[in-house]
Amino acid sequence: LEFARCLDVNDVLVLCFEDLEADLEGHLELLADFLQLPAPSAVARRGICELCSRQGMAAQSSKFDESWAYEELKRLGRCPDAAESFKPATRVHLDGPKESLDGKALAFLDEQWKSI
């Protein structure tokens with residue numbers, strides 16, 4: 001729960017990915033406010049939500065596949081495994097997660113949040 005240490009840091013906004021995925025548009029004003037930007041217009045909101053959807057990100061998957069890091073690490077010789085850990089791979093999947101937390105794990109996390 002390293003991120004919990006950042007909850008009171010002024011220049012860090014802690015968000016839950018699942019909340020953003022479920023309701024990105026509902027978070028846009030919060031994000032804009034944190035970044036000290038004006039709230040996005042209705043047209044901008046639609047564009048942001050389209051580009052940030054799984055489908056939008058999948059359409060631009062090369063921007064998320066670490067290919068730039070792979071080539072640069074290989075060129076510089078800065079990765080002990082010849083940059084294999086950065087080898088380009090699909091990072092955005094259109095199908096949902098295949099794993100989920102069981103009741104025991106969810107209860108544990110709930111207790112941890114209450115203790116903060």
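Computation of the quantities below employed the complete heavy-atom set of this structure, encompassing side-chain atoms and omitting hydrogens, waters and symmetry-equivalent molecules.
The environment of CG in Asp102 is crowded: more than 12 heavy-atom neighbours from other residues, nucleotides or ligands sit within 6.0 Å.
Using a 4.0 Å cut-off between a side-chain N of Lys or Arg and a carboxylate O of Asp or Glu, Glu21 and Arg54 qualify as a salt bridge.
Annotation for Glu29 and Ala39: closest pair CG-CB, 4.1 Å, computed over non-hydrogen atoms. Of all the heavy atoms in Met57 and Cys52, the pair that sits closest is SD-O, 3.6 Å.
Cluster annotation: Phe17 and Leu7 are assigned to distinct hydrophobic clusters (Ile/Leu/Val/Met/Phe/Trp/Tyr, side-chain heavy-atom contacts under 4.5 Å, transitive). Two different hydrophobic clusters hold Leu76 and Leu73 under the rule that ILVMFWY side chains link at heavy-atom gaps under 4.5 Å.
Taking CD of Gln60 as the reference point, atom CG of Leu51 lies at 5.5 Å (rounded to 0.5 Å). Once rounded to the nearest 0.5 Å, the distance linking SG of Cys16 with NE2 of His27 reads 8.0 Å.
For the salt bridge (Lys or Arg N to Asp or Glu O under 4.0 Å) test, no residue two or more places apart in sequence or in another chain qualifies with Asp11.
Here Leu13 is tied into one hydrophobic group with Leu15, Leu20, Leu24, Leu28, Leu30, Leu31, Phe34, Leu35, Leu37, Ile48, each link being a pair of ILVMFWY side chains closer than 4.5 Å.
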